[in-house]
Amino acid sequence: MATMTPSTLRIGRRYRPGRLAKQYDAVVIGSGMGGLTSAALLSDLGWKVCVLEQHYTAGGYTHSYERNGYEWDVGVHYIGDVGAKTGTRQMFDYLSGGTLAFAPMAEEYDRFYIGDKVFNAIAGKDQFRANLVRQFPREEKAIDRYLKLLAKAGRAMPAIGMRRALGFWQRILMSPYLLLKTPRFLFRNTWDVLSELTDDKDLLAVWCGQWGDMGLPPKQSTFLVHAMIVRHYLHGGYYPVGGSWRIADSIIPKIQAAGGEVFTYAEVKEIVVEAGKTRGVMMKDGHFIECPCVISSAGVANTFRKLLSADVAEHAGYQKKLENVEPSFAHLGVYIGLKATAVELGLPKTNFWIYPDNDYDAAVERFMNDQHAAFPVVYISFPSAKDPDYLERHPGTATIEIVAPAPYQWFEKWRDETWGKRGEDYDALKHALGERLMEHLYEKLPGLRGKVDYYEVSTPLSTNWFGGYQQGELYGLSHTPKRMQQKWLRPKTTVPGLWLTGQDILTCGVTGAMMAGVLTATTIVGVRKIAPLMKRIYS
Ligand SMILES: Cc1cc2nc3c(=O)[nH]c(=O)nc-3n(C[C@H](O)[C@H](O)[C@H](O)COP(=O)(O)OP(=O)(O)OC[C@H]3O[C@@H](n4cnc5c(N)ncnc54)[C@H](O)[C@@H]3O)c2cc1C
């Protein structure tokens, strides 16, 4: 391994109390996709918004970092639904003022290594179907029934959003419509729904081959989220040109143009509530920012367990509600640098998903109980191959990223140690796990052995450090059927002036968090006020 040099890639403005405006219309906690989207929409409606980010750079999981001449993303490997003028693409174009471009991945955007068999997903609805039928010719009917279920889930999406945005009485009034549009099967677990279509275990495994995109294997996850993810990538995977950090970089000017700002190194210690109403936020440095409208994008667990006082959270009923949800899996990341280009190394624009066999749930259980069991999933992504701009920034180099689950508890004993100084036993554990993951890479691409210049491993403690997630959770709340039915996971809280946004409100994913941001801004100002802006965006 090479010696480390620190990261230089930083966006947002460093927080100092003297840099704050006298008054803001809204304060947003967290500069992830959810927080930035709400902030940008409100800014366009004339609000002055202050976004406060505890990390050294803005973007949350969309941030990138540099070390030793390489650049890696921490939470974006591909985005779907942006190859044509879709609603998703229109929202990205609006937020970025048209400055964010997306590069298509290979037609084969995902490849699934399941035991010793290889399957894949091919871009385009017809191509996706034809490819599945080619791989499972006897299952054509099941495949068509599966695609119909995905379409039904797609049609339910507006009603799912409405369920989160409407007020109590509006929901009661609309309940016949909402029930009709959101059939019960959407909230069953993925395995139960899919195993009614076929008993071919390999086909089931291929359908669920992207389970890592929501962090739960099929017997634990909600069919609705499964369907949303498969549909999201159905027309292929895309990568933000210039790297994932460009997402936040392209949105921030909209917030600044309205007099707002995105501050980094700006940790909020407490959301201050007095006489039952939101008063503002107390910063870690003791500075109080007064503002009657606070939007938390820091995750629901952080908001109600850490940022609100226990009294207020208890009184508002959130302590009890939190018992119905749990954190998603935590993960390991391996960030790899090579001194040759993606083309020279033959790196693909295809993600690899590597599974020990076709029983994903059993593999997860084995691994969670035994660190030495096979990794239940190893995901490998080749960002420098996907980004047509990468060589402009880092000539003559390439990068690879590996992601795999790992329980937070394995690392918890080092949680109070300083980043980078957690001691030899921590480093040894990281190294051992990292080496095992590297072997998966070499097994699939043997030509890379001996060519790796540098790699480093992140653990759930790294996620805790840069994202503030207390259990290092990969995707905020776990996407169980129970979570997806929690009516309180909505922008409006029971504390006047406090609003929620981000991946816990709808689902994980850059687009999930972005749509939560849209929902939050809409709920705050009301449909009537935001309608002209939406009309402009979706015209
Ligand atoms: C390894 C990995 C791979 C992924 N791959 C993809 C992918 O390929 N495609 C895709 O669409 N999605 C992917 N995702 C998911 C996606 O990145 C997230 O779901 C989404 O970006 C979450 O956005 P958010 O705004 O909800 O939260 P975040 O991005 O987590 O933002 C929350 C922010 O709040 C800040 N914060 C927390 N507490 C405080 C505080 N007290 N004061 C100030 N700030 C605070 C945090 O530092 C953080 O920046 C991936 C995620 C991970 C972890």
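Atoms within each ligand, like the ligands themselves, are counted from 1 in listed order.
Between the choices F329, Y61, Y78, the shortest heavy-atom distance to atom 29 (O) of ligand 1 belongs to Y61. Looking at S297, G60, G59, G517 and measuring to atom 32 (C) of ligand 1, the nearest heavy atom belongs to S297. The heavy atom nearest to atom 37 (C) of ligand 1, out of those in G476, A298, G30, G35, is found in A298. Here atom 1 (C) of ligand 1 lies nearest to V74 when heavy atoms of T501, V74, I29 are compared. Considering Q54, M514, K284, M33 only, the shortest heavy-atom separation from atom 43 (C) of ligand 1 involves Q54.
Residue G75 has at least one N or O atom closer than 3.5 Å to an N or O atom of ligand 1. Residue T511 has no N or O atom closer than 3.5 Å to an N or O atom of ligand 1. At least one N/O-N/O distance between G34 and ligand 1 falls below 3.5 Å. Considering backbone and side-chain atoms alike, C508 places every N or O at 3.5 Å or more from each N or O of ligand 1.
Near G502, meaning under 4.0 Å from one of its heavy atoms, ligand 1 places the atoms 26 (O). The atoms of ligand 1 that sit less than 4.0 Å from any heavy atom of L307 are 41 (N). The atoms of ligand 1 that sit less than 4.0 Å from any heavy atom of Y469 are 27 (O), 28 (P), 30 (O). Remark: ligand 1 atoms within the under-4.0 Å shell around heavy atoms of L474 are 1 (C), 2 (C), 52 (C), 53 (C). Against a heavy-atom cut-off of under 4.0 Å, Y475 is close to the following atoms of ligand 1: 14 (N), 15 (C), 50 (C), 51 (C). Each of the following atoms of ligand 1 lies closer than 4.0 Å to a heavy atom of A266: 42 (N), 43 (C). Under a 4.0 Å criterion applied to the non-hydrogen atoms of F466, ligand 1 contributes the atoms 47 (O). Interface of Y233 with ligand 1, defined as ligand atoms under 4.0 Å from a residue heavy atom, comprises 9 (N).
Residue pairs meeting the salt bridge (Lys or Arg N to Asp or Glu O under 4.0 Å) criterion with at least one member in residues 72-90, sequence neighbours excluded, are R89-D93.
Taking the six-membered ring where the residue is Trp, H55 and W465 present perpendicular rings, their angle passing 60° and hence far from 30°. Below 30°, between 30° and 60°, or above 60°: for Y56 and Y265 the angle between ring planes is between 30° and 60°, a tilted geometry. Note: F263 and Y15 have perpendicular aromatic rings, judged against thresholds of 30 and 60 degrees for the angle between ring planes. Taking the six-membered ring where tryptophan is involved, the planes of Y469 and Y61 are essentially parallel, since the angle between them stays under 30° and well short of 60°. Using cut-offs of 30° and 60° on the angle between ring planes, the pair Y78 and Y109 is tilted.
For Y355 and F112, the ring centers are positioned 6.0 Å apart or more. If you look at Y65 and Y335, their ring centroids are closer than 6.0 Å.
Nearest protein heavy-atom neighbour of atom 31 (O) of ligand 1: G32 CA, 3.3 Å.
Under the side chain to side chain contact (heavy atoms under 4.5 Å, CB included) criterion, M157 pairs with I160, L224, M228, sequence neighbours left out.
Within the 4.0 Å heavy-atom shell around ligand 1 one does not find L36.
With respect to E71 and R393, a salt bridge is recorded, a charged nitrogen being found less than 4.0 Å from a carboxylate O.
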